[in-house]
Protein chains: 2
Amino acid sequence: MTSERKRKNTSTRRAMLANEIAQAIRLRAFRPGEWLRQIDLEERFEATRFDVRSALDELAVRKTIEHVPNRGYRVAEVDLKTYEEILAARIILEKATADGIVARIDAAAIARLDGLAAQFSAAVLTGSRTEQSEINRAFHQFMYSFCGNAVLEEMIWALRDRGRGSQITVWSSHELLQKSDREHYEMMAALKARDAGRLAALIATHIVKGAPVGPAPVEPG
Amino acid sequence: MTSERKRKNTSTRRAMLANEIAQAIRLRAFRPGEWLRQIDLEERFEATRFDVRSALDELAVRKTIEHVPNRGYRVAEVDLKTYEEILAARIILEKATADGIVARIDAAAIARLDGLAAQFSAAVLTGSRTEQSEINRAFHQFMYSFCGNAVLEEMIWALRDRGRGSQITVWSSHELLQKSDREHYEMMAALKARDAGRLAALIATHIVKGAPVGPAPVEPG
DNA sequence: TGCAACATAATTGGCGCCAATAATTTCGCC
DNA sequence: GGCGAAATTATTGGCGCCAATTATGTTGCA
């Protein structure tokens, strides 16, 4: 039998590669402002030049990265004004999920969410920053998946990705991290009490509090 | 002096072409489900094959159109469930602009909006469907431009574009068209009274009423 | 040494070619 | 004539080549 490799069509490969690159950006493998050299990406992700360019184009349309003609693509840098607009939009959208979540979520899902909250607590103590980030993402992604509006969900995650281009560091202090942790449990309480209004309020403060607006922590270099 | 034609770079040309195609779709020059043959687009918009494909890719990422491997691109068809989700999301976002608009809009802008509302009234009587649509768009675009959140605005217009892929005809009857017309003036009244809450409520009914689809989509309040 | 002009290297970008796939027509058989 | 198979045409899609542009390095001169 010939072990022939499956050759998917471009749109599939592009989407996959775009997601891989997007994840790498989430994990801070590439930092805001950093140039994404096509040759490097070819090797790192074992893709052709063509696929790399398609994927970069897609990410540019999604505004995860920015295209500068004849210079290439770089991770988007989000200025403070835009960042605040993104946060405001996130608050609007993520609050709006509360009703649907409370209406739809079941006991099994609540148990699973409790587990994710606990995982986050553990990660706060021992995990790396990226672990914390991924678990936090999983918690919210799972919760929002019950809102009953896929369009809304998409927009939320697109916004969250865009917000990463900011210089503002989320959880800039350990206290904020612990506060986020506590708020997860408060959300669980609201969820169990089927209190959509309270959940919405918690979501709003969760977003604002995770990202301290004010002087941005400056990185050397 | 040699009258040499300016040759812009691809990203610019692609964006322009993508917008032209998007507008053609808005104006129903291409209908939902219709295939967009690359050769036709080359001729119609006097662009190269390469530019056409880039533009189509961009529109596919924005979900204005859909890409079917080895078949091509076609205007996206939105199923009823997704359409309702889009409407629900639009209500959430467009309501959220009310506060900012009321806070920022000035007398000159209000006067201009009154003018647009009047233009719409005229178009209701004598204009074509696309004229009505374009004037309506101008009215809302101008109003929302005062909300103070560019990110929010972008999302609203992306959603409105996406919603056009539905089979549902907006203003399916002349009464609904007239109702939309009246609501514009009610919005103006709320605006002049600086009543953000009332404006938000009007925006919500405006969206629901323009598109007659059974019971209104659930909308958190 | 500082710096500007030039030469070289690195990288991106436009696009055309033709292979792969789908749609259409023709043909042949019952 | 009806229907399916095969040939033809139409259309899309992958990708590599090299020109255009930018970055880097080098030289020469004050």
Side-chain angles (χ1 to χ4, degrees), chain A residues 2 4-21 24-25 29-77 221, chain B residues 2 4-21 24-25 29-31 33-77:
Chain A
T2 57
E4 47 193 81
R5 170 172 309 198
K6 266 248 189 74
R7 183 131 207 93
K8 307 201 173 196
N9 52 38
T10 296
S11 41
T12 310
R13 276 180 289 146
R14 174 204 309 161
M16 290 177 61
L17 184 53
N19 284 334
E20 283 183 275
I21 296 173
I25 292 173
F30 305 108
R31 311 195 104 79
E34 188 174 342
W35 290 101
L36 300 170
R37 281 175 55 248
Q38 298 180 6
I39 296 176
D40 292 347
L41 297 177
E42 283 179 51
E43 293 174 2
R44 193 186 219 272
F45 297 101
E46 289 175 338
T48 69
R49 161 71 54 113
F50 184 80
D51 292 329
V52 167
R53 287 213 325 224
S54 312
L56 290 175
D57 276 341
E58 174 167 339
L59 291 175
V61 173
R62 305 210 313 235
K63 306 217 187 198
T64 304
I65 66 179
E66 176 193 11
H67 178 51
V68 182
N70 293 321
R71 293 291 307 284
Y73 301 81
R74 66 176 158 194
V75 181
E77 281 184 295
Chain B
T2 57
E4 45 193 83
R5 173 171 306 201
K6 266 251 189 72
R7 183 130 206 93
K8 306 203 171 196
N9 51 39
T10 296
S11 41
T12 309
R13 274 180 291 146
R14 175 204 308 159
M16 289 176 61
L17 184 54
N19 284 335
E20 283 183 275
I21 296 173
I25 292 172
F30 304 108
R31 310 196 103 81
E34 187 174 342
W35 290 101
L36 299 170
R37 282 174 56 248
Q38 299 179 5
I39 296 175
D40 292 346
L41 298 178
E42 282 178 53
E43 293 174 1
R44 193 186 219 272
F45 297 101
E46 290 176 334
T48 69
R49 161 71 55 114
F50 184 80
D51 291 331
V52 167
R53 275 210 269 166
S54 312
L56 291 175
D57 275 341
E58 174 167 339
L59 291 175
V61 173
R62 303 209 316 233
K63 306 217 189 200
T64 304
I65 65 179
E66 177 193 10
H67 177 51
V68 182
N70 293 321
R71 292 292 306 284
Y73 300 80
R74 65 176 159 194
V75 181
E77 281 184 296

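A note on names: the letters A, B, ... follow the listed sequences, proteins ahead of strands, and every chain is numbered from 1. On a predicted model such as this, the values are computed, not experimentally measured, just so you know.
Put simply, NE2 on A:H67 and CG on A:L36 are 12.0 Å apart, with the number rounded to the nearest 0.5 Å.
Distance A:I39 CD1 to C:dA9 P: 15 Å, rounded to the nearest Å. Straight-line distance from the NE2 atom of B:H67 to the C1' atom of D:dG14: 12 Å, rounded to whole Å. Distance B:I65 CD1 to D:dT12 C1': 14 Å, rounded to the nearest Å. Rounded to an integer number of Å, the gap from CG of B:L56 to P of D:dT11 is 15 Å. Computed from coordinates, the B:W35 CH2 to D:dA10 P distance equals 19 Å when rounded to whole Å. In this structure, B:L17 atom CG and C:dC15 atom P are separated by 13 Å, rounded to whole Å. For the pair A:D57 CG and C:dG13 C1', the interatomic distance rounds to 11 Å; values are reported in whole Å. The CG atom of A:D51 sits 12 Å away from the C1' atom of D:dG13 (whole-angstrom rounding).
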Determine, step by step, whether A:R14 and A:D57 satisfy the salt bridge (Lys or Arg N to Asp or Glu O under 4.0 Å) criterion, reporting the C-alpha distance in whole Å, the side-chain angles of both residues, the deciding distance to 0.1 Å, and the verdict. CA-CA 10 Å; A:R14 174 204 309 161; A:D57 276 341; over 6 Å; no
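Across all strands shown, A:R71 has heavy atoms under 4.0 Å from sugar-phosphate atoms exclusively, and none from any base. As judged by a 4.0 angstrom heavy-atom cut-off over every strand, B:R37 is placed among residues touching the sugar-phosphate backbone only. Counting any heavy atom pair closer than 4.0 Å across all strands shown, A:V68 reaches sugar-phosphate atoms only and no base atom.
Between the base of D:dG16 and the side chain of A:R49 there is no donor-acceptor pair shorter than 3.5 Å. In the interface, the side chain of B:R13 is not paired with the base of C:dG14 through any donor and acceptor atom under 3.5 Å apart.
Regarding contacts with the backbone of C:dG13, a side-chain N or O of A:Q38 is found under 4.0 angstrom from either OP1 or OP2.
Proximity note for B:N70 (side chain, C-beta onward) versus C:dT12, C:dA22, C:dG14: the nearest is C:dA22.
At a cut-off of 3.5 Å, with distance as the only test, a side-chain donor of B:T48 or B:D51 sits close to an acceptor on the other residue. Remark: the A:R53 side chain and the A:Q38 side chain contain no N/O donor-acceptor pair separated by less than 3.5 Å.
Residue B:R31 qualifies as open at atom CZ: its count of foreign heavy atoms under 6.0 Å is 12 or below.
Each of A:F50 and A:P69 was assigned the nucleotide of DNA chain D with the nearest heavy atom; the assignment lying further toward the 5' end belongs to A:F50.
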